[in-house]
Amino acid sequence: MAAQVSFPVESPRGSGTVTVEYERMGDGEPLLLLHGIGHHWQAWQPVLEILAAEREVVAVDLPGFGASPALPDGFAYDLATVVPVLGALCEALDLDRPHVAGNSLGGLLALALGRDKLVRSVTALSPAGFWTESERRYAFGTLLAMRQGAESLPLPMIEWLSRSPAGRAALTSTIYARPGRRSPEAVVAETLALRGATGFRQTLVAGRRVLFTDDVPGLPVTVAWGTRDRLLLRRQGVRAKRAVPGARLVRLPGCGHVPMNDDPALVARVLLDGSR
């Protein structure tokens with residue numbers, strides 16, 4: 001059963017209180033899981049039980065996404081603000097430098113947490129921030145189209161589409177290579193999460209200026225990319241390897257942008273190997 005935690009934070013624009021929804025399960029070394037833009041912690045459900053057999057897993061709704069309220073008024077959704085917020089979240093949950101894994105936006109945040117030495121290892125699945133300008137514009141345009149689609153479809157239509165493999169593909173094939181494997185209930189829930197994400201547009205605005213060019217020295221870093229990623233093309237993984245030369249670069253054959261659902265066993269193995 002998901003829980004909530006509230007904690008005080010400081011930012012370049014003042015102080016406030018942040019509330020985060022999270023799921024916590026399992027035993028072992030702590031592993032923090034961060035989803036992508038417009039998604040929610042349930043993106044990790046296909047791998048949670050596998051991970052929880054060996055890790056204490058904490059999957060969170062980032063502020064302004066899923067069931068987590070927006071950041072306080074005046075707070076930006078940029079790395080300079082969100083990374084310290086996640087550091088404060090770890091303190092509030094008594095997570096002492098956890099391992100961290102993230103997908104897309106979450107992968108970028110994971111790398112930034114590693115750069116700032118707030119975690120003990122980083123696994124980034126198709127992380128944002130390694131694009132060319134044209135690739136960024138393409139990705140952001142695609143995300144905006146997905147958001148507009150989620151906003152325009154009435155709930156009965158979303159539910160009807162989710163009942164068939166073809167309908168689930170229409171709703172989610174941009175992020176999944178095998179959308180038919182996603183359950184109807186999960187597709188409805190994540191479409192509504194995309195529609196209701198209060199931090200979506202501010203995160204895109206902040207992302208226009210993002211290029212991750214820093215090394216992450218002194219930590220184990222794994223960067224993994226799906227071979228069928230249609231949102232952030234896999235050649236961006238080569239750029240990630242150049243920026244973080246000590247990183248292990250892993251191919252995820254047959255996986256899309258959100259690979260946890262496409263091949264749970266493979267992704268779980270990558271996450272466990274990366275957090276040893």
Side-chain angles (χ1 to χ4, degrees), residues 2-24 30 32-44 58-95 97-98 100-119 122 124-125 127-129 136 139-140 143-144 146-148 150-151 175 189-212 214 258:
Q4 283 193 341
V5 62
S6 298
F7 49 94
V9 293
E10 301 288 335
S11 86
R13 303 187 186 186
S15 59
T17 299
V18 171
T19 299
V20 167
E21 180 111 349
Y22 67 96
E23 174 72 12
R24 191 170 193 167
L32 180 68
L33 300 177
L34 307 175
H35 61 76
I37 186 171
H39 226 146
H40 53 178
W41 71 259
Q42 289 89 341
W44 300 97
V58 181
V60 307
D61 281 342
L62 294 169
F65 297 95
S68 292
L71 287 170
D73 289 345
F75 276 51
Y77 284 78
D78 56 11
L79 292 178
T81 301
V82 178
V83 170
V85 165
L86 293 174
L89 169 67
C90 290
E91 290 185 18
L93 295 178
D94 198 25
L95 299 175
R97 289 186 71 241
V100 63
N103 174 223
S104 195
L105 167 65
L108 170 65
L109 291 168
L111 287 164
L113 286 164
R115 176 194 61 196
D116 293 352
K117 300 295 187 286
L118 297 174
V119 295
V122 174
L125 310 177
R136 184 199 64 76
F140 282 26
L143 289 166
L144 283 168
M146 291 175 63
R147 164 84 159 195
Q148 289 161 2
E151 290 174 332
I175 60 172
E190 63 195 11
T191 303
L192 295 179
L194 175 59
R195 173 194 288 183
T198 55
F200 182 87
R201 293 189 182 276
Q202 299 98 312
T203 299
L204 279 189
V205 169
R208 292 174 187 164
R209 301 180 296 277
V210 169
L211 279 177
F212 195 89
D214 299 323
V258 181

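- Taking both residues in full, the closest heavy atoms of Val210 and Ala206 are given as CG2-O, 3.6 Å, listed atom of the first, atom of the second, then distance.
- Every residue two or more places apart in sequence or in another chain was checked for a side-chain hydrogen bond (donor to acceptor under 3.5 Å, both in side chains) with His35, and none qualifies.
- Counting only distance, with no hydrogens or angles, the side chain of Arg209 and the backbone of Asp78 share no donor-acceptor pair below 3.5 Å.
- Side-chain N or O atoms of Arg147 include none that pairs as donor or acceptor with a backbone N or O of Gly38 at under 3.5 Å.
- Atom CD1 of residue Ile37 and atom CD1 of residue Ile175 lie 12.0 Å apart, to the nearest 0.5 angstrom.
- Closest approach of Tyr77 to Leu71, counting heavy atoms only: OH-N, 2.9 Å.
- Across all their heavy atoms, Phe65 and Ala197 have their closest contact at CD2-CB, 3.5 Å.
- The shortest heavy-atom contact between Thr203 and Gly199 is OG1-O, 2.6 Å.
- By the 4.5 Å heavy-atom criterion applied to side chains, His40 and Leu194 are not counted as neighbours.
- Partner of Leu113 under the side-chain contact (heavy atoms from CB on, under 4.5 Å) criterion, out of Val100, Val122, Val82, Leu79: Val100 alone.
- Contact check for Phe7 versus Leu93: no side-chain heavy atoms found under the 4.5 Å cut-off.
- To the nearest 0.5 Å, atom CG of residue Leu34 and atom NE2 of residue His39 are 14.0 Å apart.
- Residues Pro98 and Cys90 have side chains in contact (heavy-atom distance under 4.5 Å, counting atoms from C-beta outward).
- Smallest separation of non-hydrogen atoms from Thr17 and Pro72: O-CG, 3.4 Å.
- Remark: Leu143 CG to Gln148 CD distance equals 11.0 Å, nearest 0.5 Å.
- We find the CZ-OG1 distance between Phe200 and Thr198 to be 12.0 Å, quoted to the nearest 0.5 Å.
- Note that CG of Leu108 is 11.5 Å distant from CG of Asn103, once rounded to the nearest 0.5 Å.
- Rounding to the nearest 0.5 angstrom, the gap separating the CH2 atom in Trp44 from the CG atom in Leu33 is 5.0 Å.
- Take Arg195 and apply the salt bridge (charged side-chain N to carboxylate O under 4.0 Å, His left out) test, not counting sequence neighbours, and it matches no residue.
- Across all their heavy atoms, Gln4 and Tyr22 have their closest contact at C-CE2, 3.8 Å.
- Between the side chain of Asp61 and the backbone N or O of Glu21, no donor-acceptor pair lies under 3.5 Å.
- By the 4.5 Å heavy-atom criterion applied to side chains, Val58 and Leu89 are not counted as neighbours.
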